[in-house]
Amino acid sequence: MDNFQKKFLEEASDLVNQLEQALLTLEQDTENPELVDSIFRIMHSLKGGGGMFGFDNISQYTHKLENMYDQVRQKKLRVTREMLDITFESADHITSMLNDDGSKAEEIKQNEAILNRRIDAVMDGDTTAAVAVSSADEVAGAGQEHASTYYIRVKPYERIQSNGTNPFLLIDELVGLGKAKVNIFHSNVPDFENFVFDLTYIWWEVILCTEQDVDAIKDVFIFVEDDCELAIEKIADTDIFAIEGIDPLLVCRHDFPFDLDKIKLLVDSSEKQKAAQAKAADSAQARPAAGDDHIKKFAKENSISGIRVASEKVDALMNLVSELITTQAGLNLYADRNRSPELTRITENLENISRQLRDTAFSITLIPIDYLVVRFRRLVRDLSREVGKEIAFEARGAEVELDKSLIEGISEPLMHILRNSIDHGIEPASERKAAGKNPEGKIILQAYYSGSQVVIAVTDDGAGMNPEKIRRKAIEKGLIAPDAQISDKESIDLIFMPGFSTSDTVTNISGRGVGMDVVKRKVSDIRGTVSVSSELGEGTTITIKLPLTLSIIDGMLVRISDVDYIIPLSVIDTIFAVEHEKIASSFQNVINIEGVQYPFYYLREEMGIEGEPPAKEEIIMVKYEDRKIGIVVDNITGEYQAVLKPLGKLYRNQDIFSGASILGDGTVALVLDTHKVINEFTKYNEL
């Protein structure tokens with residue numbers, strides 16, 4: 001596959017996402033013409049790109065969809081639920097065509113045939129109804145006040161099809177801009193013996209009345225300008241199809257051109273008759289051409305707001321930046337050992353540049369959570385219908401950005417959570433009414449920053465979780481002992497155990513006992529944590545906390561005995577120097593500093609590190625939820641830009657370490673995840 005086709009596949013995937021987003025919005029406001037126009041333009045782009053790059057199946061199918069929405073634009077059809085359902089399914093169908101390697105060609109073909117019949121049924125069934133207009137004349141004249149008429153001659157070069165272009169689709173697209181008469185010329189077609197099937201011998205003349213300007217006409221041929229002879233001439237600033245006596249001059253006779261001279265004479269005569277009325281109308285209301293020109297000029301000057309870059313290139317950039325930072329650390333160490341004012345100045349300048357480069361490169365990898373929201377809206381819409389429930393979905397904080405790898409890692413867990421909310425959380429409308437609730441359930445996805453973490457919470461206003469039922473199920477499945485004494489909170493946390501499910505039946509949505517176990521494992525894989533809170537009858541909230549980045553962090557380099565560790569700067573609040581005797585004599589690891597009592601963890605003791613501690617140690621106050629907790633280390637080396645590297649098999653089960661970083665002298669420092677350090681040692685000390 002060549003690069004152009006790859007680019008089209010990327011752009012087409014984005015267009016399908018935009019289509020789904022527009023459809024979800026249109027479903028809430030079916031009378032919005034701007035949304036209809038947006039959907040029409042997306043299909044138009046898919047059709048044009050598909051035809052150009054050899055995806056004729058996509059081009060032909062989207063052309064049919066485009067026709068349906070063009071009927072809506074002309075107010076001949078209403079946006080109905082059936083139409084929206086078809087379009088959503090069409091988005092899935094187009095995605096299947098984009099991803100097909102040929103193995104599902106027959107299945108795709110059958111699905112397309114079904115969708116085509118449904119599209120035809122919608123168009124045939126609704127067109128006969130008079131919608132928003134009182135007569136066919138009003139429909140034909142709607143929006144044509146500023147229409148112009150053009151003469152277009154299109155002579156494709158014989159080999160135009162060699163680049164994947166279908167000239168018939170170009171003419172079809174041209175006709176779609178308004179009302180048209182098309183004359184075809186085929187005198188150049190050779191006899192059968194000399195006929196070459198992939199050559200183009202015919203050409204066309206088109207009389208087109210449209211509200212679009214000449215640029216829109218040229219856009220139809222924008223990719224084939226070098227593959228055809230194109231002539232465009234405006235012959236009237238009005239709709240000539242409405243002129244009395246014009247019909248005989250617009251009769252299409254193959255190989256006989258339109259008589260432009262006679263057409264122009266008749267147009268000129270008609271315009272003179274209406275000159276007085278037109279002059280009065282023009283003086284009463286100025287035409288908005290100047291404003292349009294200003295908008296076009298502004299759009300042209302500001303058209304390039306971003307570029308598309310392959311994710312592989314972004315990953316390669318981040319790897320190079322990581323290597324640069326590691327090398328920078330080595331240079332800093334060398335400069336410290338070899339005191340030279342000039343070397344120090346160069347090193348500091350280079351460190352400043354590398355830090356800015358790091359921040360810029362990292363920002364490129366950030367993707368807003370909104371990237372996932374369209375998919376989630378679609379999921380809630382489809383599954384709620386499948387289970388017969390009314391559910392509204394709301395996203396808050398969708399502008400929050402996450403590292404690309406985190407976005408990829410969090411997608412599946414959030415899907416599982418939403419499925420469970422739909423299947424287990426939200427009750428049927430009848431049960432909600434009986435409980436005095438709104439028949440329509442609600443699911444809210446909320447994202448926000450919290451210190452060094454991003455928090456994503458999924459809340460439903462459903463039935464909530466019954467701790468006693470969960471406890472019974474856990475005993476039944478042998479997950480806990482029958483005489484186990486656990487709190488309601490601990491009972492609810494059992495849903496994260498492998499194989500646990502409260503569902504009595506297996507459905508397409510949930511009930512196989514793998515959902516929440518997968519959620520916890522997937523979230524842990526990206527150094528996140530997941531928790532659940534629920535109130536019976538009120539609803540459930542599942543909260544995921546993730547680190548802001550997986551690649552490069554600003555850290556504090558610390559040492560215990562002869563081992564280096566890194567603590568992320570984002571979690572550090574304050575640092576105190578404390579006498580070892582004061583730490584050793586503390587009661588239950590609580591120390592009084594400046595009149596405030598702080599709990600702390602003595603890492604040397606918790607990690608079983610032997611040796612004599614220094615007389616004065618450092619206690620680092622880190623933020624943990626809404627508290628400050630101390631972490632005691634031997635001494636602090638200083639701030640350090642840490643490039644996180646994954647740990648090997650030996651440390652696979654060590655959750656307290658989020659990775660490792662190579663220091664300037666080639667040694668390795670382990671990166672501490674303070675949240676998991678506190679969680680781990682709290683559990684250990686409670687045993």
Side-chain angles (χ1 to χ4, degrees), residues 318-319 321-334 336 351 354-355 358-359 361-362 403 405-406 451-453 526-529 545-577 600-609 613-614 617-624 628-648 650-681:
M318 287 302 300
N319 288 334
V321 172
S322 299
E323 293 301 324
L324 173 63
I325 290 172
T326 301
T327 304
Q328 174 71 50
L331 180 60
N332 289 347
L333 184 62
Y334 180 81
D336 289 340
E351 183 175 17
S354 63
R355 189 180 293 272
R358 178 206 67 177
D359 293 342
F362 178 63
D403 187 286
S405 53
L406 288 175
S452 63
Q453 295 181 310
I526 52 177
R527 294 185 16 236
T529 60
K545 295 181 179 180
L546 300 169
L548 283 173
T549 176
L550 291 175
S551 51
I552 304 172
I553 63 169
D554 285 318
M556 183 68 73
L557 186 62
V558 304
R559 177 167 280 231
I560 303 175
S561 186
D562 58 350
V563 181
D564 291 305
Y565 300 92
I566 294 172
I567 298 175
L569 275 182
S570 55
V571 303
I572 296 176
D573 184 79
T574 50
I575 300 174
F576 300 101
F600 69 88
Y601 289 94
Y602 191 43
L603 290 191
R604 176 180 279 272
E605 181 180 296
E606 300 289 357
M607 293 182 176
I609 298 174
E617 295 170 296
E618 306 283 351
I619 182 165
I620 301 172
M621 294 299 171
V622 299
K623 290 170 278 192
Y624 177 77
K628 296 177 187 177
I629 295 178
I631 302 288
V632 179
V633 300
D634 286 5
N635 53 68
I636 293 173
T637 305
E639 293 186 19
Y640 186 81
Q641 288 188 78
V643 177
L644 270 65
K645 301 289 185 181
L647 297 172
L650 292 176
Y651 291 92
R652 180 176 296 169
N653 297 321
Q654 298 293 330
D655 286 343
I656 64 174
F657 302 123
S658 56
S661 184
I662 301 173
L663 302 181
D665 60 358
T667 59
V668 174
L670 295 170
V671 181
L672 291 171
D673 186 328
T674 56
H675 279 73
K676 291 187 177 179
V677 165
I678 294 169
N679 287 339
E680 180 72 19
F681 293 146

(request) With side-chain contact (heavy atoms from CB on, under 4.5 Å) as the test, would you mind laying out the steps for Asp673 and Ile656 before giving the verdict? (result) CA-CA 5 Å; Asp673 186 328; Ile656 64 174; 5.9 Å; no
Mind checking side chain to side chain donor-acceptor pair (under 3.5 Å) for [X] and listing every partner two or more places apart, or none if nothing turns up?
X      : result
Thr574 : none
Glu618 : none
Asn332 : Gln328
Tyr565 : none

Looking only at heavy atoms, which two atoms of [X] and [Y] are closest? And how far apart?
X      : Y      : answer
Ser354 : Gln641 : OG-NE2, 4.3 Å
Leu557 : Ala669 : CD1-CB, 4.1 Å
Ser661 : Ala642 : OG-CA, 3.7 Å
Ile566 : Gly555 : CG2-CA, 3.9 Å
Gly528 : Lys676 : O-NZ, 3.9 Å

Within the 4.5 Å heavy-atom criterion, are [X] and [Y] side-chain neighbours or not?
X      : Y      : result
Asp403 : Ile526 : no
Val571 : Tyr624 : no
Ile619 : Met621 : yes
Glu351 : Leu331 : no

(request) Kindly state each residue pair satisfying salt bridge (Lys or Arg N to Asp or Glu O under 4.0 Å) with at least one member in residues 552-562, sequence neighbours excluded. (result) Arg355-Asp554, Arg358-Asp554, Arg559-Asp564
Suppose we screen for side-chain contact (heavy atoms from CB on, under 4.5 Å). Which residues come up paired with [X], at least two apart in sequence or across chains?
X      : result
Tyr334 : Asn338, Leu343
Leu603 : Ile560, Met607, Ile631, Val633, Leu672, Val677, Phe681
Asn319 : none

(message) Run the salt bridge (charged side-chain N to carboxylate O under 4.0 Å, His left out) test against Glu639 and tell me which residues pass, sequence neighbours left out.
(response)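 Salt bridge (charged side-chain N to carboxylate O under 4.0 Å, His left out) check on Glu639 returns nothing, list empty.
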(message) Using modelled atom types and a 3.5 Å cut-off, is there a donor and acceptor pairing between side-chain atoms of Asp634 and backbone atoms of Ser561?
(response)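 Yes, Asp634 side chain to Ser561 backbone: donor-acceptor pair under 3.5 Å.
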(request) Would you give the length of the straight line joining atom OG1 of Thr327 to atom CD1 of Ile662, rounded to the nearest 0.5 angstrom? (result)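 Here the interatomic distance stands at 10.0 Å.
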(message) Test side-chain contact (heavy atoms from CB on, under 4.5 Å) on Tyr601 and Ile678; report intermediate values, then the result.
(response) CA-CA 8 Å; Tyr601 289 94; Ile678 294 169; 4.0 Å; yes
(request) Please report the C-alpha distance between Ile609 and Val563 in whole Å, then the side-chain angles of each, then the deciding distance to 0.1 Å, and finally whether the side-chain contact (heavy atoms from CB on, under 4.5 Å) criterion is met. (result) CA-CA 10 Å; Ile609 298 174; Val563 181; 5.6 Å; no
(request) Apply side-chain contact (heavy atoms from CB on, under 4.5 Å) to the pair Glu605 and Val632, showing each step before the final yes or no. (result) CA-CA 10 Å; Glu605 181 180 296; Val632 179; over 6 Å; no
